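Convention: sequence-line order gives letters A, B, ...; per-chain numbering from 1. Computed from a prediction, not measured in an experiment: that's the story for all the values here.
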Amino acid sequence: MKDTVEVFLQGPGLAITLVKLPIDGKISDLIEQAREKGLKIGADEKPDVWLENAEEPLKSGSSLAEAGIKSRSRVHVHTCRQIHVTVNFNNQSHQHPFIPSSTVGDVKEWAAKKFNLKEVDVSEYVLQVCRTSNRPKEDTQVGYFAEPGQCTACFDLVPEQRVEG
Amino acid sequence: MTLDEQIFREHIEGGPFQSGVDLGKWQLNDIAWPYVYINVTAISHEEWPPYYCFQFECANYPVAGVTARPWDLEKKEPLDTKKWPGGKDRVPKVFNPGWNNAQCLYLPCDKNAINGHSDWTTKYPNWIWKTDSDITLYLDVVYGLLNSSDYTGPRGA
């Protein structure tokens with residue numbers, strides 16, 4: 001029987017990272033691992049932990065098993081309870097609050113509906129972080145882009161690139 | 001084991017690659033260093049292949065980057081160009097067997113394709129291979145193409 005459980009961790013400053021935790025570990029162990037891997041949250045702050053697309057954060061004192069964390073679960077560590085996401089497209093903007101463990105793919109799906117993109121056209125667009133050339137992968141969780149204390153993220157919905165030249 | 005292979009093996013055990021595996025985007029098939037064979041899932045269609053295998057040449061990974069071409073797993077040779085992915089616009093530009101003798105994909109993140117395309121660095125900054133990049137940069141671009149509405153199945157279908 002395995003004595004560890006693998007978990008996909010993300011958080012502000014922490015790109016998707018696969019870590020191993022003791023099978024009888026606690027949520028606090030997971031936060032500690034996230035800090036060791038580069039989580040940009042001060043040592044004096046107490047972040048929450050979300051399973052991907054869960055509505056509420058996990059109870060901080062619980063064990064991984066009690067919290068429902070299984071092998072290869074995807075979790076997010078953040079101090080923000082919601083990330084206020086703005087998406088810009090064709091000189092229009094829409095905002096929506098997402099939990100930190102929502103993915104870029106979730107945001108794109110929401111934005112496609114909000115901007116009335118035809119289903120056939122959705123794969124021809126991607127989200128790009130505002131004022132950058134960064135086009136994150138769809139499994140990146142939105143909390144990654146939100147500074148603790150600010151709790152905002154901004155994307156432009158842009159056409160996929162065509163390689164020419 | 002050489003350092004480049006060691007780093008590659010660390011990367012495929014890491015979060016970005018394993019996340020793609022769990023999401024059904026790609027799957028490692030084999031490593032015969034410096035060649036690596038990875039299956040990339042394509043959009044589901046009853047008459048089209050469920051995935052394409054790619055042969056990646058990864059010598060001096062990750063510093064030198066990688067180059068890839070579609071591969072025939074059964075015949076253990078480059079995939080017949082009639083079976084390369086086809087499409088309307090974006091896909092045939094990248095999967096273009098008429099370019100460079102079908103040796104690689106026409107992509108800014110391909111170490112062979114970028115030769116002679118110095119303007120790509122500014123045109124496609126998100127697709128440029130950097131010394132701290134990993135194989136998922138290339139895989140994610142290919143997966144996106146094979147799961148887009150631009151993709152229309154194998155060229156000869």
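Residue Lys46(A) qualifies as open at atom NZ: its count of foreign heavy atoms under 6.0 Å is 12 or below. Counting non-hydrogen atoms of neighbouring residues, nucleotides and ligands closer than 6.0 angstrom, the OH atom of Tyr106(B) exceeds 12 such neighbours.
In this structure a side-chain-to-backbone donor-acceptor pair under 3.5 Å is missing from Trp129(B) to Ile114(B). Side-chain atoms of Asp72(B) come within 3.5 Å of backbone N or O of Glu74(B) as a donor-acceptor pair.
Your options are Val122(A), Val163(A), Thr132(A), and the one with the most heavy-atom pairs under 4.5 Å with chain B is Val163(A). With respect to chain A, the highest number of heavy-atom pairs below 4.5 Å among Gln18(B), Lys93(B), Glu13(B) belongs to Gln18(B). Listed options Pro125(B), Pro16(B), Ser19(B) were ranked by heavy-atom pairs under 4.5 angstrom with chain A; first place goes to Ser19(B). When the candidates Asp119(B), Thr136(B), Val94(B) are compared by the number of heavy-atom contacts under 4.5 Å with chain A, Thr136(B) comes out ahead.
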Q: Using the side chain to side chain donor-acceptor pair (under 3.5 Å) rule, take Asn39(B) and Tyr52(B) through it: C-alpha gap first, then chi angles, then the decisive distance, then the call.
A: CA-CA 5 Å; Asn39(B) 299 339; Tyr52(B) 289 86; over 6 Å; no
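For Leu137(B), the part sitting under 4.5 Å from any heavy atom of chain A is the backbone (N, CA, C, O) and nothing else. Using a 4.5 Å cut-off between heavy atoms, Asn147(B) contacts chain A through its backbone alone, with no side-chain atom that close. Proximity to chain B (any heavy atom under 4.5 Å) is restricted, for Thr17(A), to the backbone atoms N, CA, C and O. Glu119(A) does not touch chain B: none of its heavy atoms, backbone or side chain, sits under 4.5 Å away.
Applying side chain to side chain contact (heavy atoms under 4.5 Å, CB included) to Phe95(B) and the options Val142(B), Thr81(B), Leu107(B) leaves one that passes, Val142(B).
Phe98(A) and Leu51(A) end up in different hydrophobic clusters when Ile, Leu, Val, Met, Phe, Trp and Tyr side chains are linked at under 4.5 Å.
Of residues 63-86 of chain A, those residues lying under 4.5 Å from chain B by any heavy-atom pair are Arg72(A), Arg74(A).
Glu5(B) and Arg9(B) are joined by a salt bridge, as a carboxylate oxygen and a charged side-chain nitrogen come within less than 4.0 angstrom of each other. Salt bridge annotation for Asp140(B)-Lys25(B): present, with a cationic side-chain nitrogen under 4.0 angstrom from a carboxylate oxygen.
Gln141(A) and Glu52(A) share a side-chain donor-acceptor pair at under 3.5 Å.
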